[in-house]
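Heavy-atom basis, side chains included; hydrogens, waters and symmetry copies ignored.
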Amino acid sequence: MAHRIAVLVLDHFAPLDLGVPGQVFWTAESPAGEKLYEVVTCSPGRRPVRCSAGYSVLPDHDLDVLDTADTVLVPGIHAGRAMKDGTIQPYLRDALQGHKRIMSICTGAFVLAAAGLLDGRPATTHWREAPHFAELFPRVDLDPSVLFIDDGDVLTSAGVAAGLDLCLHVIRRDHGTEVANRAARRCVMPPWRDGGQAQYIDRPFPDPTGTSTAPTRTWMLAHLDEPLDLDALAGYAKMSVRTFTRRFREETGLSPSRWLTKQRVDHARHLLETTDAGVEEVARRAGFTTTVSLRQHLHAAVGVAPLTYRHTFRR
């Protein structure tokens with residue numbers, strides 16, 4: 001049976017945020033071509049809901065459909081009580097409680113926070129609204145630098161296109177890399193974007209005398225199994241270590257070492273999902289010096305050991 005995702009549409013919804021889950025999850029199919037998700041929409045009282053772009057939509061369901069959902073998703077909003085004073089109607093707060101998994105895209109996080117679902121938990125939202133969010137919801141561990149945060153049963157994403165990243169992540173989490181990659185290709189988008197939304201925050205333009213670190217990043221991906229220290233990377237980029245580190249962070253939102261570790265973990269996950277290579281071989285091919293290092297980094301990233309991860313994601 002397909003996994004049911006119920007999208008809760010509220011007044012002032014962001015149009016792209018509403019379209020993303022229906023499009024991305026619709027493309028996720030089993031190797032036999034079976035649809036893996038069913039996406040339904042709802043609104044309070046099944047009333048028409050108006051968006052910020054000057055039109056309305058009429059969802060097929062009222063809030064009762066939330067009780068039948070495996071996942072509830074709240075798209076971003078551009079106005080309303082949740083964003084104005086951090087509150088929502090009591091009936092809406094009640095409707096959002098007790099679900100197996102709940103997600104938000106962009107400023108949909110305001111709705112989850114107003115429902116009390118993010119208290120004491122890590123979350124993100126659009127970087128531009130982050131200061132206002134932090135003021136309204138001081139009990140939330142807000143991180144405005146990332147594209148999305150997966151905290152198990154509660155997931156939040158940054159603005160607009162980051163909703164695509166989050167939906168693909170959920171497909172990857174539920175069904176593995178190969179299914180998610182096929183969905184990404186169907187949507188004509190990368191299966192994973194490097195860095196976080198820090199790279200999209202307004203900032204002064206980089207020093208025009210420098211050069212991009214993109215060729216070096218491409219080279220790093222082709223040499224993950226080799227020792228790659230900062231001096232070697234800066235040398236390949238023909239920059240000083242200081243300039244290379246600054247430029248790398250400006251372009252990716254991450255330090256070179258954090259970016260490299262992330263790529264190695266992603267490669268190790270791919271190897272665990274798609275090959276029969278032993279853990280020691282996976283560690284070597286991903287560039288970790290020991291199996292202990294692989295276990296530590298994988299556990300920090302996804303919370304499980306290599307063999308547990310393989311058992312979960314091998315189909």
Q.
Under a 3.5 Å distance rule, please check whether Arg93 uses its side chain to pair with a backbone N or O of Ala114 as donor and acceptor.
A. yes
Q. Minimum heavy-atom separation for Val7 to Pro75, with atom names?
A. CG1-CG, 3.5 Å
Q: Decide yes or no on side chain to side chain donor-acceptor pair (under 3.5 Å) for Thr245 and Arg249, but give the supporting numbers first.
A: CA-CA 6 Å; Thr245 302; Arg249 188 180 291 276; over 6 Å; no
Q. Considering all heavy atoms of both residues, which atom of Ala109 and which atom of Leu118 are nearest to each other, and what is their separation?
A. O-CD1, 3.6 Å
Q.
Can you confirm whether Leu298 sits close enough to Leu272 that some side-chain heavy atom of one is under 4.5 Å from a side-chain heavy atom of the other?
A. yes
Q.
Starting from Leu155, can I reach Phe137 by hopping between I/L/V/M/F/W/Y residues whose side chains sit under 4.5 Å apart?
A. no
Q) So, for Ala158 and Val146, which heavy atoms are closest and what is the spacing to 0.1 Å? A) CB-O, 3.6 Å
Q: Could you walk me through whether Arg46 and Asp64 pass the salt bridge (Lys or Arg N to Asp or Glu O under 4.0 Å) test, one step at a time?
A: CA-CA 10 Å; Arg46 194 174 168 264; Asp64 288 344; over 6 Å; no
Q) If only atom types and distance count, is the side chain of His132 paired as donor or acceptor with the main-chain N or O of Arg128 below 3.5 Å? A) no
Q: Compute whether any side-chain donor of one residue and acceptor of the other, for Thr107 and His78, lie under 3.5 angstrom apart.
A: no
Q) Between Thr216 and Thr213, is a side chain to side chain donor-acceptor pair (under 3.5 Å) present by the stated rule, with each step listed? A) CA-CA 5 Å; Thr216 305; Thr213 63; over 6 Å; no
Q | Flag side-chain contact, heavy atom, 4.5 Å: Thr274 against Thr177 | A | no
Q. If you group Ile, Leu, Val, Met, Phe, Trp and Tyr by side-chain heavy-atom gaps below 4.5 Å, do Leu18 and Trp26 land in one group?
A. no
Q. Under a 4.0 Å N-O cut-off, is there an ion pair linking Lys35 with Glu29?
A. yes
Q: Report the C-alpha distance between Arg81 and Ile88 in whole Å, list the side-chain angles of each, state the deciding distance to 0.1 Å, and finish with yes or no for side chain to side chain contact (heavy atoms under 4.5 Å, CB included).
A: CA-CA 6 Å; Arg81 285 175 54 174; Ile88 55 176; 5.5 Å; no
(Q) Surrounding CG of Leu58 (heavy atoms of other residues, nucleotides or ligands, distance under 6.0 Å), is the total greater than 12? (A) yes
Q. How long is the span from the CE atom in Met220 to the CD atom in Gln263, to the nearest 0.5 Å?
A. 7.5 Å
Q: Please state whether the rings of His270 and His267 are parallel, tilted or perpendicular, taking 30° and 60° as the class boundaries.
A: parallel
Q: Apply salt bridge (Lys or Arg N to Asp or Glu O under 4.0 Å) to the pair Asp153 and Lys100, showing each step before the final yes or no.
A: CA-CA 6 Å; Asp153 59 333; Lys100 302 173 188 175; over 6 Å; no
Q: Flag the pair Ile5 / Val72 as yes when at least one side-chain heavy-atom distance between them is below 4.5 Å, and no otherwise.
A: no
Q. Got Thr125 and Pro144 here, is their nearest side-chain heavy-atom distance under 4.5 Å?
A. no
Q) Linking I/L/V/M/F/W/Y whenever their side-chain heavy atoms sit closer than 4.5 Å, directly or via other members, would Phe248 and Leu230 fall into one cluster? A) yes
Q | NZ/NE/NH1/NH2 to OD/OE distance under 4.0 Å, Arg172 and Asp266 | A | no
Q: Take Met83 and Glu129 through the side chain to side chain contact (heavy atoms under 4.5 Å, CB included) test and state the conclusion after the steps.
A: CA-CA 9 Å; Met83 294 193 69; Glu129 301 295 340; 3.8 Å; yes
(Q) Can a donor-acceptor pair be found, under 3.5 Å and without considering hydrogens, that links the side chain of Arg47 to the backbone of Pro44? (A) yes
Q.
With a 3.5 Å distance limit and no angle check, can you tell me whether Arg264 reaches the backbone of Leu224 through a side-chain donor-acceptor pair?
A. yes
Q | Residues Arg101, Asp174: salt bridge by 4.0 Å N-O rule | A | yes
Q. Do any N or O atoms from the side chain of Glu273 and from the backbone of Gly176 form a donor-acceptor pair under 3.5 angstrom?
A. no
Q) Can you tell me if NZ on Lys84 sees more than 12 non-hydrogen neighbours from other groups inside 6.0 Å? A) no
Q.
Which heavy atom of Met103 sits nearest to which heavy atom of Leu112, and what is that distance?
A. C-CD1, 4.1 Å
(Q) With rounding to the nearest 0.5 angstrom, report the CG to CG distance, Leu96 to Leu63. (A) 8.5 Å
Q: Check whether any side-chain heavy atom of Val265 sits under 4.5 Å from a side-chain heavy atom of Phe288, and report yes or no.
A: yes
Q. Is the closest basic N to carboxylate O distance between Arg121 and Asp151 below 4.0 Å?
A. yes
Q | Hydrophobic cluster identity match, Leu73 and Val154, side-chain contacts under 4.5 Å | A | no
Q) Do Asp231 and Phe244 have side-chain heavy atoms sitting under 4.5 Å apart? A) no
Q: Compare every heavy atom of Ala183 with every heavy atom of Ile171, then report the nearest pair and how far apart it is.
A: CD1-CB, 4.2 Å
Q: Decide, yes or no, whether a salt bridge links Asp70 with Arg4 under the criterion of side-chain N to carboxylate O below 4.0 Å.
A: no
Q.
Over 60° means perpendicular and under 30° means parallel, so tell me whether Tyr37 and Phe25 are parallel, tilted or perpendicular.
A. tilted
Q: Please step through side chain to side chain contact (heavy atoms under 4.5 Å, CB included) for the pair Val9 and Val74, ending with a clear verdict.
A: CA-CA 7 Å; Val9 194; Val74 181; over 6 Å; no
Q: Using modelled atom types only, decide if a donor and an acceptor are shared between the side chain of Thr243 and the backbone of Ser240 within a distance under 3.5 Å.
A: no
Q.
Count I, L, V, M, F, W, Y as connected when their side-chain heavy atoms are under 4.5 Å apart, and connections chain through other members. Are Val57 and Leu66 then in the same cluster?
A. no
Q. With a 4.5 Å limit on heavy-atom distance, are the side chains of Val49 and Pro59 in contact?
A. yes
**Q.** Single hit among Glu251, Arg247, Glu250 for side-chain contact (heavy atoms from CB on, under 4.5 Å) with Ser212
**A.** Glu251
Q.
On a heavy-atom basis, which atom in Ala113 and which in Val140 lie closest, and how many Å separate them?
A. CB-CG2, 4.4 Å
Q | Euclidean distance, Leu36 CG relative to His175 NE2, rounded to 0.5 Å | A | 4.5 Å
Q) So how far is it from Phe110 CZ to Thr87 OG1, rounded to the nearest 0.5 Å? A) 12.5 Å
Q) For the atom pair CZ (Arg50) and OH (Tyr55), what is the distance rounded to the nearest 0.5 Å? A) 10.5 Å
Q. Between Glu280 and Thr290, is a side chain to side chain contact (heavy atoms under 4.5 Å, CB included) present by the stated rule, with each step listed?
A. CA-CA 7 Å; Glu280 185 173 342; Thr290 64; over 6 Å; no
Q.
Looking at Thr156 and Thr124, would you say the former's side chain and the latter's main chain have a donor-acceptor pair under 3.5 Å?
A. yes
Q: Before giving the answer on side chain to side chain donor-acceptor pair (under 3.5 Å), spell out for Thr261 and His297 the whole-Å C-alpha distance, their side-chain angles and the decisive distance to 0.1 Å.
A: CA-CA 8 Å; Thr261 297; His297 283 98; 4.6 Å; no
Q) What is the distance from atom SG of Cys187 to atom CG of Leu168, rounded to the nearest 0.5 Å? A) 6.5 Å
Q | Non-hydrogen side-chain atoms of Pro31 and Arg182 separated by less than 4.5 Å | A | yes
